[in-house]
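None of these values were measured; they are calculated from a predicted model. Counting convention: from 1, in listed order, for ligands and their atoms alike.
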Amino acid sequence: VASDILAALRATLGNDAVLTGDAIGPRYACDATGVAPKLPLAVLRPRTTEEVSAALQVCNAHRVAVLPQGGLTGLAGAATPLGGEIVLSLERLTGIEEVDPAAATITVRAGTPLQRVQEVADEAGYMLGLDLGARGSAQIGGNIATNAGGIRVIRYGMAREQVLGLEVVLADGTVMTSLNKMLKNNAAYDLKHLFIGSEGTLGIVTRAVLRLHPRPAGILTALCALPSYQAVVDFLRHAQRALGQVSAFEAMWNDAYRFVADRRADNPPMPVTHPFYVIIEHAGTDLEADAAAFETMLADAHGQGMLIDVTVAQSEKQARAMWVIREGVAEWEAVVGQIHLDVSMPIGTIGEFVEDCRGRLAARWPALIPTFYGHIGDSNLHVSLAPGTDDAGVRHAAEQTVYDTVRDFKGSISAEHGIGTLKREWLSYSRTPEEIALMHRLKTALDPNGILNPGKVL
Ligand SMILES: Cc1cc2nc3c(=O)[nH]c(=O)nc-3n(C[C@H](O)[C@H](O)[C@H](O)COP(=O)(O)OP(=O)(O)OC[C@H]3O[C@@H](n4cnc5c(N)ncnc54)[C@H](O)[C@@H]3O)c2cc1C
């Protein structure tokens, strides 16, 4: 049967678009989680929407599972084959189709790397509101399929907020082209939202129209030390009131800051003794006036006791050194094999959540080291656990403890990375039975044969 399908796909797409056997490199076996890699039956590499449609028609007719793959930077296992699927890689469906300066939009093909879209937007005098550490490899289609967040969410929203129009190929090969450029369009259901964040289970994104924003004149960055979680929240609201907006607000509990500072050769930009650290960024339009307002805002916060210490970056190099600490948490976690969890809850309760979670973990595993940090302005907390053991049972039980606490605090088990395979067993912690039942009905309506990325999300 497999050979029939592959012959049909070769006849439809041409030989060079269908990889099998040794031609399938290890990169198609796993996403960035590195968990349970498995090679797919074949890899399809279509160049056009029409080829994606033709491929899906063949696979749907043969009832064979199709796994869409973007840049494979996902952190939920959603792009990792489970066995027996045909991977449909978007890697050759690349390119920018148009920048429309009047509408302030950019129209892109799904396989285009995020960084390329950012660069073209920048050359045109605009800025894309989406940015994340994996920008060089992650594709726009993957960003949309995961509704990626990242470091600009507090100012511009998640990937969903950047998408005005979408072209999607449905499981049966139907091409739904809806390349809308209007901010307002209430002509019945806004179908694009079904596909954004659906992790390849409802359709394959082939093109998108994204909003662009004016490019800021410059970015002001400061590293702050704070005495308590309440001060972190007060400082966020104070900064937003004083400046109108902040473009990034990243908090680190002492353990996260110390975790990186202790592992780096150079001196950290601030001593490791403070309870909390925040990196705050303000993207302005008038460098001189903005810098003055930024300094006044910080001085006021210091005067009111929200800040213990503050350093304003005087150059891009100094700003980079501050971000290196924040981005270093994730990098070092990978090196030391930590469990990395991505949760969210109402911002006012995060401080209490951390203390409760820390207490529950310490009671069961005194040697386990947790670290906490995140895009706090977006109510997003990253929890990392160094269990000090490879024992799968202990690792799972520790994750379970964190998710139990998330459920008790009415939070979400996935803030921005999605469900994939890694969080499937806990979906009911954050969605009601009625919500999950409706998700199943949507899945059945759009993909009655269940060929799109089976075994993921639901
Ligand atoms: C260093 C690093 C930093 C990161 N930082 C962030 C962050 O700050 N915020 C955040 O939200 N995420 C972050 N991520 C994870 C994030 O989900 C991905 O970086 C990105 O959004 C996924 O894009 P991708 O092209 O790599 O998708 P993949 O990993 O290839 O796929 C992810 C999912 O999308 C589906 N998919 C991919 N392309 C398509 C398509 N065209 N149509 C339909 N389905 C598709 C796949 O089937 C899979 O379910 C980070 C990852 C890394 C490695």
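Residue Pro68 has at least one N or O atom closer than 3.5 Å to an N or O atom of ligand 1. For His375, no nitrogen or oxygen atom sits less than 3.5 Å from a nitrogen or oxygen atom of ligand 1, counting backbone and side chain alike. For the pair Gly149 and ligand 1, the shortest N or O to N or O distance falls below 3.5 Å.
A ring-centre distance under 6.0 Å is not found for Trp253 and Tyr277.
For Thr146, every heavy-atom contact with ligand 1 shorter than 4.0 Å involves the side chain, none the backbone. At a heavy-atom cutoff of 4.0 Å, ligand 1 is contacted by the side chain of His417 but not by its backbone. At a 4.0 Å heavy-atom cut-off, ligand 1 touches Asn143 through backbone and side chain alike. Of the heavy atoms in Ile151, none comes closer than 4.0 Å to ligand 1.
For residues 70-81, every residue pair satisfying the side-chain hydrogen bond (donor to acceptor under 3.5 Å, both in side chains) rule, not counting sequence neighbours, is listed here: Asp31-Thr80. Applying the side-chain hydrogen bond (donor to acceptor under 3.5 Å, both in side chains) test to residues at least two apart or on different chains, none of the pairs has a partner in residues 195-204.
Which parts of ligand 1 touch Leu90 is read off a 4.0 Å heavy-atom cut-off, strictly below it: atoms 41 (N). Within ligand 1, counting atoms from 1 as listed, the ones closer than 4.0 Å to a heavy atom of Gly74 are 26 (O), 29 (O).
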Going through the checks in order, is the salt bridge (charged side-chain N to carboxylate O under 4.0 Å, His left out) test met by Asp255 and Arg358? CA-CA 11 Å; Asp255 43 28; Arg358 204 195 291 279; 2.8 Å; yes
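Considering CG of Leu6 and CZ of Arg10, their distance stands at 6.0 Å, rounded to 0.5 Å. Summarising the geometry, atom CG belonging to Leu452 is positioned 9.0 Å from atom CG belonging to Leu446; distances are rounded to the nearest 0.5 Å.
In this structure, atom 53 (C) of ligand 1 lies nearest to the protein heavy atom Thr73 O, 3.5 Å.
Using a 4.0 Å cutoff on heavy atoms, Gly203 counts as a contact of ligand 1.
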